[in-house]
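Let me begin by presenting the structure, written as structure tokens, before commenting on it.
Since the model is a prediction, treat every value here as computed from it, not as a measurement.
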Amino acid sequence: MIYVALLRGINVGGHRKVEMGRLKETFSGVGCQDVSTYINSGNVLFSDRRTPATLVPKLVNAIAREFGFEVPVLLRNIDEIRALVSSVPEDWVHDRVERTDVWFLWDEFDTPDVVEGLSQKPGVDEIRYVAGAVVWRATGKLTSSGRAKVVGTPLYKSITIRNINTVRKILTLMEERVG
């Protein structure tokens, strides 16, 4: 199976620094195959026959041993990323005018009703639940978006965020592995 590991909270503001070369070696050290990283925000692509339930604890422990602190790890396979990307309209982008972010959810929040508790500003925010994620698009006056109200909540501590451009690129890199 082709996976992407999405690491939460590394290399942000100079804190919890994780060098991508060492991270790649850490994944290889637990038996992952064809390991590569994409940008410095903790996206690790690899192949493995094991299930996420088996892999995640091994990866979390290996990262903690290598870097000296625990990093939450979320795995998604190529089919999950493909389904996510195909559910997002192509004109939803991440640029100066519009921000479209994918909030990857840990299991305890992975349910369609997660969006009910989110503060949407009419005319600015558009939110969709997709299995395993919330896709949040903000247009217009971005500072008016309700997204900031999530910071510090239990939900915020159980997500890892990538912009839609990054998620689309991750899918391209995963599909290149299929051949």
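At least one side-chain heavy atom of Leu7 sits under 4.5 Å from a side-chain heavy atom of Leu23. Counting heavy atoms from C-beta outward, Val130 and Val102 have side chains that stay 4.5 Å or more apart. Side-chain contact between Leu75 and Leu59 is present, with heavy atoms from C-beta onward closer than 4.5 Å. Here the side chains of Val4 and Phe104 are not in contact, with every heavy-atom distance at 4.5 Å or above. Contact annotation: the side chain of Trp136 approaches that of Val150 to within less than 4.5 Å [non-hydrogen atoms, C-beta and beyond].
Linking ILVMFWY side-chain heavy atoms closer than 4.5 Å, directly or via other members, places Val151 and Trp103 in a single hydrophobic cluster.
A distance of 6.0 Å separates OG1 of Thr51 from OH of Tyr3, quoted to the nearest 0.5 Å. In this structure, Gln33 CD and Arg177 CZ are separated by 11.0 Å, a value rounded to the nearest 0.5 Å. Separating the OH atom in Tyr38 from the CG atom in Leu45 is a distance of 10.0 Å, to the nearest 0.5 Å. Expressed to the nearest 0.5 Å, how far CZ of Arg22 lies from OG1 of Thr37 amounts to 13.5 Å. For the atom pair Arg168 CZ and Leu171 CG, the distance stands at 10.0 Å (nearest 0.5 Å).
Among Arg137, Arg147, Arg162, the single residue meeting the side-chain hydrogen bond (donor to acceptor under 3.5 Å, both in side chains) criterion with Asp101 is Arg147.
Under the 3.5 Å distance criterion, the side-chain polar atoms of Glu80 are matched with a main-chain donor or acceptor of Asn77. Side-chain N or O atoms of Asn163 include one that pairs as donor or acceptor with a backbone N or O of Thr166 at under 3.5 Å. For the pair Asn165 (side chain) and His94 (backbone), a donor-acceptor distance under 3.5 Å is present. A distance-only check finds a donor-acceptor pair linking the side chain of Thr100 to the backbone of Val93 [under 3.5 Å]. Of the possible polar contacts, one joining the Arg16 side chain to the Gly9 backbone as a donor-acceptor pair under 3.5 Å is found.
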Checking side chain to side chain contact (heavy atoms under 4.5 Å, CB included) for the pair Glu66/Glu25: CA distance, chi angles, key distance, verdict? CA-CA 10 Å; Glu66 179 65 26; Glu25 290 173 13; 6.0 Å; no
Let's go through Ile63 and Phe69 carefully: what are the C-alpha distance in whole Å and the side-chain angles of both, what is the deciding distance for side chain to side chain contact (heavy atoms under 4.5 Å, CB included) to 0.1 Å, and is it a yes or a no? CA-CA 7 Å; Ile63 292 167; Phe69 50 86; 5.7 Å; no
Step by step, work out the side chain to side chain contact (heavy atoms under 4.5 Å, CB included) result for Leu155 and Leu118. CA-CA 10 Å; Leu155 171 61; Leu118 300 176; 3.5 Å; yes
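By the 6.0 Å and 45° rule, Arg128 stacks over the aromatic ring of Trp92.
Taking both residues in full, the closest heavy atoms of Met174 and Ile2 are given as CE-O, 3.6 Å, listed atom of the first, atom of the second, then distance.
For CD of Glu108, the number of neighbouring non-hydrogen atoms (other residues, nucleotides, ligands) closer than 6.0 Å is greater than 12. Atom OH of Tyr156 is surrounded by 12 or fewer heavy atoms from other residues, nucleotides or ligands within 6.0 Å.
Ser36 and Asp34 are not linked by any side-chain donor-acceptor pair at a separation below 3.5 angstrom, with hydrogens and angles left out of the test.
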